[in-house]
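Notes for the one structure printed next.
Chain letters run A, B, ... following the sequence lines, proteins first and then strands; every chain starts at 1. Please read all numbers here as calculations on a predicted model, not as lab measurements.
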Amino acid sequence: MTPRGLQLLYLPPFSIIARFFISALLFLNLFGLFLLYQYAKGELNLPASVHLWTLGFMGSTMLGALFQMLPVVAGATIENPLRKAFFVHTALSAGTLLLAFGLYMRTESLSLLGLLILLISLFYIVPLMLFKLLKLWGTLRDAPRGFVFALLSFLIGIILSVFLVLGHFGRLTVPYGKLLELHLSFMLFGWTATLVASVAFQVIEMFFVTPPYPKLISRYLPPFVFSLLLLKFLFPKSFITNAPIGASFFIFSLYTVYLLTKRRRKVSDPLVSLWYVGMFFLAVSCVLYPLKDELFLPFLVSFGAFVMSVIMSMMYRIIPFLVWMHLSTKGIPNAPAMFDVIHPKKIRLNFYLHLIFLASLSLLPFGIFLPSLLLLLADSLLWLFNIAGGILVYVKYERENPSHLK
Amino acid sequence: MSITQYLTEEHRKCDTYYAEAEKAVSQGEWEKAKELFNTFKEKTLLHFRKEEDVLFPEFEQRTGIVMGPTQVMRMEHDQARQLLERMEQALQNQNKDEFLSLGESLMILLQQHNMKEEQILYPMSDQNLDSESMVVKMSELGEV
Ligand code: HEM
Ligand SMILES: [Fe+2]
Ligand SMILES: [Fe+2]
């Protein structure tokens, strides 16, 4: 009994989440620059661009968030988290850069090296996190149970990607289309959307003071979607599996909007609006998912807009809170309140810029790309500056109060 | 009634009190805000007292766990009390930004605090203590 209680003491070091979030935003900016560069040259290398985003931006954010949430939300302690996070983060960043560059240059050796480094990093941390969670399964609430299905999907998606890379360079004859369909479905819905939903089960109620999700959604959505994904091994491109996967998250997005309108804290808040925006794009991408053979890019873009909006909302709440929490726990008197870490005016500005960027996406079908590219860069750059500024507040206080160091 | 039910109910009430105070502040209705904030503060502190004076000591005695969860809970109560003081100051100075900012920290702190109590500490208490008599003792301190 004691150990379970003692885990409550454990707040992971701030540098872990700071490191992952900063590099996620660096990757987002790199992604913007890379698209602009390709635009200038009149080309688009989809896999290279997609993985800068999905591994660099999303992967970094999500793994960093898991390092933070496993102990706090699930009571699952990761021993020596600093060393593990340092290793995983470095390998993830290096591997992603090499893989993307290799895919872009069509250089097999670089891509394989990138793949290898990614595999070392991910095959180390993903099973470890799974193991920690499964050991506590009986005591876990719905959110961390959802993490389990997300991590399982991630693992399957990674294994599939090995065959894809080998197939991509003609090393292996594989049913490429089928594998690609499975890979991206496991990664986008099994891993990404399931993790976002599970986090939502926990934080929507907590940040905005709403009623909880019904059990039917919070307990059964992740395993239901995971089972459908497994079924896709038998019917890879079938409407029978794709429609219910889309429908599940469509319902989730509608229900989240409904909960947010029921929130007890009625103060206007761009971070709530970001959830509305994110859920709108999730709903759109759910509709497009069964139709993605014809509408692949619109599907990817709306999925990206969903993830980006939700991550923006969460980062802007988590970083200021954690800065205050860590400094306050260290006993620093009058630790900077959240608005002193990142002022809401800055967040609001970023929010408006983000809305303009999202609006500009409607020009894409007409072949007008430049405004979106420039706005994406502006959006990401401001975001990076704001988060980095918040982290610097922490660094400054910590320097000034060395005696409070634990 | 179980300890879990009884105290969880109080958490929900406090959330509502805060939401009302926050709304008044953001609309700049300072007199109303002061009144609502006072209710929120009093009720929250009363809830803390029920835990610190009644529940935690009994929990520690029955389970023998002294340096565990109750210690962390007390520390978080202290952090919350500091924030409440600073919020009261902000309210005196009619500083909307400051108030809302501190309130945001307080809300997240309390939400994750409450979650830990509701998921772990209260159920453990219901298992190990006499729920009925604990609820009676806590009710004697007042109503949130
Ligand atoms: C170990 C990490 C990963 C590797 C090695 C990898 C590799 C690959 C490869 C080789 C392709 C096929 C490219 C092509 O021929 O078009 C692909 C496609 C794709 N992957 Fe991954 N992937 C990884 C992780 C991810 C993650 C984490 C996500 C999303 C969360 C993701 C999403 C996608 C998508 C959406 C596509 C289809 C778009 C495209 O064809 O470029 N991948 N991946
Ligand atoms: Fe408490
Ligand atoms: Fe409590």
Discussion item. Please classify the contact between Q112(B) and chain A as side chain, backbone, both or neither, with a heavy-atom cut-off of under 4.5 Å.
Written reply: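 Its backbone and side chain both get close to chain A.
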Worksheet item: Measuring heavy-atom distances to chain A, does S26(B) have an atom under 4.5 Å in its side chain, in its backbone, in both, or in neither?
Response: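 For S26(B), the contact with chain A is made by the side chain alone.
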Item to complete: Determine which residues belonging to residues 310-321 of chain A lie within contact range of chain B, meaning some heavy atom pair is under 4.5 Å apart, and list them by number or answer 'none'.
Response: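 Counting heavy atoms that sit under 4.5 Å from chain B, the residues of residues 310-321 of chain A involved are R317(A), F321(A).
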When only pairs under 4.5 Å are counted, which of [options] shares the most heavy-atom pairs with chain A?
{"options": "D97(B), D15(B), T70(B)", "value": "D97(B)"}
{"options": "G103(B), G64(B), S105(B), A19(B)", "value": "S105(B)"}
{"options": "M107(B), E20(B), K23(B)", "value": "M107(B)"}
{"options": "L110(B), L83(B), L102(B)", "value": "L83(B)"}
{"options": "Q79(B), E98(B), R86(B)", "value": "R86(B)"}

Enclosure of [X] [atom1] (heavy-atom neighbours >12, cutoff 6.0 Å):
{"X": "K215(A)", "atom1": "NZ", "value": "yes"}
{"X": "Q94(B)", "atom1": "CD", "value": "yes"}
{"X": "E118(B)", "atom1": "CD", "value": "yes"}

Item to complete: Taking the side chain as every heavy atom from C-beta outward, state whether Q111(B) and E205(A) have any pair of such atoms under 4.5 Å apart.
Response: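 Not in contact.
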Discussion item. For a salt bridge (charged side-chain N to carboxylate O under 4.0 Å, His left out) check, start with the C-alpha distance between E104(B) and R265(A), then their side-chain angles and the critical distance, and finish with the verdict.
Written reply: CA-CA 11 Å; E104(B) 195 63 58; R265(A) 299 177 63 194; 3.2 Å; yes
Point-to-point distance, once rounded to the nearest 0.5 Å, from [atom1] of [X] to [atom2] of [Y]:
{"X": "M75(B)", "Y": "S328(A)", "atom1": "CE", "atom2": "OG", "value": "8.0 Å"}
{"X": "D269(A)", "Y": "E22(B)", "atom1": "CG", "atom2": "CD", "value": "8.5 Å"}
{"X": "M338(A)", "Y": "L100(B)", "atom1": "CE", "atom2": "CG", "value": "11.5 Å"}

Item to complete: Apply side chain to side chain contact (heavy atoms under 4.5 Å, CB included) to M325(A) and I108(B), showing your working.
Response: CA-CA 10 Å; M325(A) 182 75 182; I108(B) 306 180; over 6 Å; no
Worksheet item: Top residue by heavy-atom pair count (under 4.5 Å) with chain B, among A335(A), S268(A), P344(A)?
Response: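 When all of A335(A), S268(A), P344(A) are compared, A335(A) has the most.
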